[in-house]
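Take a look at the structure below.
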Amino acid sequence: MACARAVPQPDLVLISWTRNPLVPGSARRIISARVIGSAVPCRASLVPNGLLINALNCLLDNDIGFKIVIRKKTSNISGYLLLQRN
């Protein structure tokens, strides 16, 4: 009889970000981040008030395997991203 195996679930990272409205062109900063599954080895970069670019540089590294599946601006100074790793 064949052994049944669970299908591995994808890892998801949801990041909400904002930028300073008083400084045009300011860097995007993380408001909050939610991880479903694992974000290893990038967990340390997903902190409130951390730079979004640092988190994305880690997560989008080819060895890590995350891809942006949703990118949405909610206003001129805020938005969110959903990344997935299979």
Side-chain angles (χ1 to χ4, degrees):
M1 188 161 144
C3 175
R5 295 182 188 243
V7 176
Q9 297 298 310
D11 296 321
L12 300 172
V13 177
L14 177 63
I15 302 172
S16 176
W17 61 268
T18 190
R19 62 173 82 226
N20 185 342
L22 301 177
V23 181
S26 64
R28 295 176 294 175
R29 294 201 171 265
I30 297 171
I31 297 171
S32 65
R34 171 72 77 180
V35 176
I36 300 172
S38 174
V40 172
C42 302
R43 189 75 172 149
S45 64
L46 298 170
V47 295
N49 208 32
L51 291 173
L52 178 63
I53 191 68
N54 293 344
L56 289 178
N57 284 341
C58 183
L59 292 165
L60 296 175
D61 183 347
N62 289 333
D63 294 338
I64 306 302
F66 277 95
K67 292 185 171 118
I68 297 173
V69 292
I70 296 174
R71 178 189 313 243
K72 178 77 174 169
K73 283 183 85 173
T74 54
S75 72
N76 288 334
I77 60 162
S78 64
Y80 62 88
L81 297 160
L82 178 65
L83 297 97
Q84 177 179 348
R85 173 172 59 187
N86 288 329

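Heavy atoms only: backbone and side chains are in, while hydrogens, waters and symmetry mates are out.
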message: If you define the side chain from C-beta out and look only at heavy atoms, does anything of V13 sit under 4.5 Å from R34?
response: no

- prompt: With a 4.5 Å heavy-atom cut-off, do Y80 and I31 have their side chains touching?
  reply: no

field: Distance in Å, L60 CG paired with K67 NZ, rounded so as to fall on 0.5 Å steps
entry: 10.0 Å

message: To the closest 0.5 Å, what do you measure between CG (L52) and OG (S45)?
response: 9.5 Å

- request: Please tell me if the side chains of D11 and F66 come closer than 4.5 Å, counting only heavy atoms from C-beta onward.
  value: yes

task: From the options L81, L51, D61, select the one residue that forms a side-chain contact (heavy atoms from CB on, under 4.5 Å) with L56.
output: L81

message: Could you measure the distance from the CG atom of N49 to the CZ atom of R29? Nearest 0.5 Å is fine.
response: 5.0 Å

- line: Heavy-atom nearest pair, R85 first then I64, reads CD-O, 2.9 Å

task: Check whether any side-chain heavy atom of L59 sits under 4.5 Å from a side-chain heavy atom of L46, and report yes or no.
output: yes

message: Nearest 0.5 angstrom please: Q9 CD to N86 CG, how far?
response: 10.0 Å

message: Using 0.5 Å steps for rounding, measure from the CG atom of L83 to the CZ atom of R71.
response: 8.5 Å

query: How close do R19 and S26 get, heavy atom to heavy atom, and via which atoms?
result: NH1-O, 2.7 Å

